[in-house]
Amino acid sequence: MKNLKKPKKMILTAGPSITSLEVKYVSDAVKTGWNRQYRDYTNKFEKAFGEYVGVKYALATSGGTGALWLSLAAAGVGPGDEVILPEITYFACSDVIVHRGATPVFVDILPDTWCIDPDDMARKITKKTKAIMPVYLYGNLPEMDEIMRIAKKHALFVVEDACPAVGSYYKGKHAGSFGDCGAFSFQGAKIMVTGFGGMFVTNNKKLFERVSYLNAHAEDPHRKFWQTGVGYTFELPNVTAALGLAQLERIDELVKKKRQIFDWYNAHLSKIDGISINTERKKTKSNKWMTSFILNKKFKFTRDKLIAELKKYNIDSRPFFYPISSFPMYKNAHSPIAYHTGLNGINLPSGYECTKKEIDYICAVIKYLLS
Ligand SMILES: *Cc1c(COP(=O)(O)O)cnc(C)c1O
């Protein structure tokens, strides 16, 4: 290990790529995006994003969480309803369900995709189930054919949490275009960024109109300042949308780099016995937003110890999302794969600026610590 040169600064887990294109669009939006042009970039961004995903309607939001919030509100999810979601996801997913007065029902994940297990999902459906929320964890692909088949059979509303999945495809169709609607995030650590920001997408005109109405404070569209319901506002500012538009124009380049980073890691880590890293099933293409691995046997270090050790080498890493039912507000659901994965998984530095040299270094340290 002595011959490995520790970098001067911590190698971070995430980080975007900002070029002169982003600076150009944002500067233009600051100068021109007022009065009659107050929503020009937001309109352009929504149109381009909808076309990219392959859906008819897109509404820019303040974040992925806002898009999920609007989805459940528009679907009429409320007290007495159950919403099914995977145990391993970002806690915003359960928050939006609880805020509707509904009950989150946690389901196990598959050991390879880390996404919702369709069989366990089917088992957890009751008379109270109103909606299901498959999650594209770290850009991975849920089994959408199977999920949609089960949802149709039980007439359930499907909101796809595709927040981390810009650039991910299941059987040639983009994430977020399978269910009744989908949500995306452009938070600063995601594959394309606007700082904070998100997008609601759907092919359903009525649903889009309902979401747009709710997001405009439920104001009567024909009578200024007259409210006909209780609304919200999760708007994405025009200046921020300018940044999003530039990032979207560069999405192929951003996905390519993420997949390259994964390949660099994979060349080293696939040789370590007892760990598993991101896998792609046939006919799926992940954006490989975060290269991650799971410790599947006892090593010298536990997951949390390993994270602390890596820090000493100036390597930042993150624990997997914890199983949501382990938080004090919920009843423990004990989904076995979710608990194993959530408590033994690590996200590795996967920011756009990561170099091959850095990844060779990170892998050498991991190999050393796990040997
Ligand atoms: C990032 C993320 C979110 C939240 O998105 P925000 O834009 O931060 O609100 C929700 N779900 C998943 C799975 C995510 O990765």
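In this text the structure is predicted, and so the values were computed from the model without any measurement. If you read the sequence from its start, that first residue is 1, and numbering goes on from there. Order of appearance sets the numbers: ligands from 1, and atoms from 1 within every ligand.
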request  = Quick one, list the residues around ligand 1 where some non-hydrogen atom comes in under 4.0 Å, by chain and residue number.
outcome  =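 If the criterion is a heavy atom under 4.0 Å, then ligand 1 touches G63, G64, T65, T89, Y90, V135, D161, C163, P164, S185, Q187, K190, G197.
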Check: I88 and L137 side chains under 4.5 Å, non-hydrogen atoms =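 The answer is yes, as the side chains (C-beta and beyond) meet within the 4.5 Å cut-off.
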query = Among all residues two or more places apart in sequence or in another chain, which pass the side-chain contact (heavy atoms from CB on, under 4.5 Å) test with E146?
reply =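 Expected list: P118, D119, E143, R149, I150.
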ask   = Partners of R39 by salt bridge (charged side-chain N to carboxylate O under 4.0 Å, His left out), sequence neighbours excluded?
value =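 Only E46, E235 meet the salt bridge (charged side-chain N to carboxylate O under 4.0 Å, His left out) criterion with R39.
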For residues 173-182, run the donor-acceptor check on the side chains, cut-off 3.5 Å, and write out each pair with its distance to 0.1 Å, sequence neighbours left out.
unit_1: K173; atom_1: NZ; unit_2: S177; atom_2: O; d: 3.3
unit_1: H174; atom_1: NE2; unit_2: G167; atom_2: N; d: 2.8
unit_1: S177; atom_1: OG; unit_2: H174; atom_2: O; d: 2.6
unit_1: D180; atom_1: OD2; unit_2: V158; atom_2: N; d: 2.7

inquiry  = Which heavy atom of I261 sits nearest to which heavy atom of S350, and what is that distance?
reply    =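 Reported closest heavy-atom pair: CD1-O, 3.9 Å.
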request  = Without swapping roles, check the side chain of D316 against the backbone of I11 for a donor-acceptor pair under 3.5 Å.
outcome  =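 Answer holds: no.
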